[in-house]
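So that the names make sense, note that chain A is the first sequence line, chain B the second, and so on, each numbered from 1.
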Amino acid sequence: MDFNELFSNFGELTTTGLTIGAIYALVALGYTLVYGVLRLINFAHSEVFIAGAFAAIWTWGAFGLNQDSNVTGFGAIVFYLLIAMLVAALASAATATVVERVAYRPLRKRNAPPLAFLITAIGASIAISEAFGIYTRRLPESGPRLVSQDPLFHVFGVPINPVQLLTIGGALLMMILLDMFINRSRVGRGIRAVAQDPNTAALMGVNKDRIILMVFVVGGAMAGVAGLLYDVRIQTLTYSVGFLLGLKAFTAAVLGGIGNLRGALLGGLLLGLVENYASAVFGTNWKDFAAFAVLVVLLMFRPTGLLGESLGRARA
Amino acid sequence: MTTILERVHSGRQAVGERWRGAPRWVRWALLAAVIVFFYALPNKEFYQYLGPIPTPGANFTQVLFTISIYVLLAVGLNIVVGFAGLLDLGYFGFFAVGAYTVAVLTSPSSDIKTLWPWLLVVPIAIALTMVSGVMLGTPTLRLRGDYLAIVTLGFAEMIRIAAVSSEFLKGQRGFNQIPHPPGQYADGKPVFGVLDARPYYWLVLTLIILVVIGVRNLTRSRVGRAWVSIREDEDAAQLMGVPTFKFKLWAFASGAAVAGLAGALFAGKQNFVNSQNFELLNSIIILAAVIFGGSGNIVGAIVGGGLVAYMIERFRSIELFGIELYEYRFLVFGLVLVVMMIFRPQGLIPNRRRAAEFKDRRKEVIVGE
């Protein structure tokens, strides 16, 4: 226990916590969307994230960038970021689509019990993660340092660097876009309808299969962007990091209220803060322990999360 | 494709009919023969005639011990997943609790230096795992099934992190000189030595038989019927007056106790326990084993646990087209889980009632599919 550490570095712990929390939040969106519509924990979502993260690193590799390359010029950096984001989002969305088609849809067709879905999800998750592991020979892949991590300016004496700005800003922007998509667009209306009552929605002419596919695609794209932001921040990637990150993102989704989009943002940021503060007080080894402890305690006292389950609202 | 499947299916059904139709003494004789076979298996004089069955890459008796531990765990997890229908993804966590209890209370490298004998600690280990099962179950068993799955997963990860990070549990350095089970031959040599794994295997085999008898009796009692009713329809069971929460907790605690026993046996054999023994994937392998064999059926769980553990070891040192098969073992497991759930969710040797449940649900109407 070391509260001095917490108080003396409170500002920095907060900014780094919010940064990692923003990544959790983006991944948590995928869990929340799928759960809201299908009442299913998409356990393979962590691998959807990993697919995007690898895609981003390999895209940079295809342009000849590695951990030693030094990219200068604002235009070049933005170009590399955008192209990697596009590829990562596409790769993640494609992975999510494959998982939906191969692992979930056959089970839906025969009305399998909920636990059967979870088991195929675990299977798919392990298979994808191992496939990446075997392909990368279980070694970390490195990417370039595109965005500087030197402090850009200080707020109340707390240094803020461009990576933090990019991560938090990017995550917020994606959130706002997603929120608008769900609440304003035609497909979004379909998603909300299926979330509320799948059978009635189908009777009213909503193409349920297409909507479910869209949910996986949108959630996947969000995870892809999260993968890119993860690469920008850490610059190395091992095939196995997805599991832990996925579990934490799920915790974040539950924390904010699973099925609730704004809850995912709140949950992600809060979880990032909590685990950062905990690692300052108890030591970095206990960081992940704190995250899971939050999950267990939360489910004990408020299983619907801080903001409650919504997206559909009407279903109990 | 379908015709082959159908033929296999009808062939297996014929075997099943035959088994159920056979006179009682034939069944007992067959069962006795199987048990004798498994007791004889670790002797080199016997297994050298078995052709490709012994593992080329590792000492076969050691492998048999590992397999027997997996079988014991599969039998335990089958109570939770197969009978009560609760998805426990952190089952290996209980195994860790059992092993660490033994390690802390018996090893000279532990901080409390109790140095108790192994046999005394085993019941304590089982009791503690049961308590941890109840502690974990009380908050989570009130929740929906999939929350339970994630929380158990988190629990196993918490145990692992605690083992890695806490001073008390020694992390990577681990505990050494954990005593073996007691017993001496007439000439003063210990029965449970360091080199020969056979006595340990026989011990675990005997315990598996005892546990199976216990579980079988339990499932044919009021408790077992309550579990099945909860698995089939929890709300209906509750309305019929089954105290569902209590029985779910029971299933959770019994399953945990078996894992604790397995952990204690593992620690007694291995003589050394550290944080690397408890990777999370192990929980998933055992779950895969139970599903693969046929959850809800004790024989299915045993066959599944045995086959899966055996396959992992058999993959070692096999090369196909210049690639080591062992490297692909988890990839294969993941795919097996997906394929099994899609094509044969009831497992290799299904529980007939559970297979009927899956069939029933298929007939229910879904709109818009």
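- When each of A:I119, A:L118, A:I122 is paired with B:M341, the side chain to side chain contact (heavy atoms under 4.5 Å, CB included) condition holds for A:I119 and for no other.
- Listed in order of number, the residues of residues 284-295 of chain B that approach chain A to under 4.5 Å between heavy atoms are B:I284, B:L287, B:I291.
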Would A:K287 and B:I161 count as a side chain to side chain contact (heavy atoms under 4.5 Å, CB included) here? Give the steps.
CA-CA 9 Å; A:K287 186 167 159 185; B:I161 295 167; over 6 Å; no
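- With a threshold of 4.5 angstrom between heavy atoms, A:A121 does not approach chain B through any atom at all.
- Both the backbone and the side chain of A:F289 come within contact range of chain B, judged by heavy atoms closer than 4.5 Å.
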Stepwise side chain to side chain contact (heavy atoms under 4.5 Å, CB included) test for B:S166 and A:W286
CA-CA 9 Å; B:S166 100; A:W286 294 95; 3.7 Å; yes
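- With chain B as partner, the option from A:T251, A:L247, A:N285 having the largest number of non-hydrogen pairs under 4.5 angstrom is A:N285.
- Listed by chain and number, the residues in a ring pair (Phe, Tyr, Trp, His ring centres under 6.0 Å) with A:F43 amount to none (sequence neighbours excluded).
- Of the listed residues (B:V164, B:L136, B:L153), the one with the most heavy-atom contacts under 4.5 Å to chain A is B:L153.
- Contacts of A:F117 with chain B are absent, with no heavy-atom separation under 4.5 Å from either backbone or side chain.
- Contact record, A:A131 with B:L331: N-CD1, 3.9 Å, taken as the closest heavy-atom pair.
- Of the two parts of A:V254, only the side chain, counted from C-beta on, holds a non-hydrogen atom closer than 4.5 Å to a non-hydrogen atom of chain B.
- No more than 12 heavy atoms of other residues, nucleotides or ligands lie within 6.0 Å of CZ in A:R210, so this atom counts as exposed by the packing criterion.
- Between A:R110 and B:I342 there is a side-chain heavy-atom pair separated by less than 4.5 Å.
- Counting only heavy atoms from C-beta outward, the side chains of B:V151 and A:F292 never approach each other to under 4.5 Å.
- Contacts between B:F333 and chain A at a heavy-atom distance below 4.5 Å are absent for every atom of the residue.
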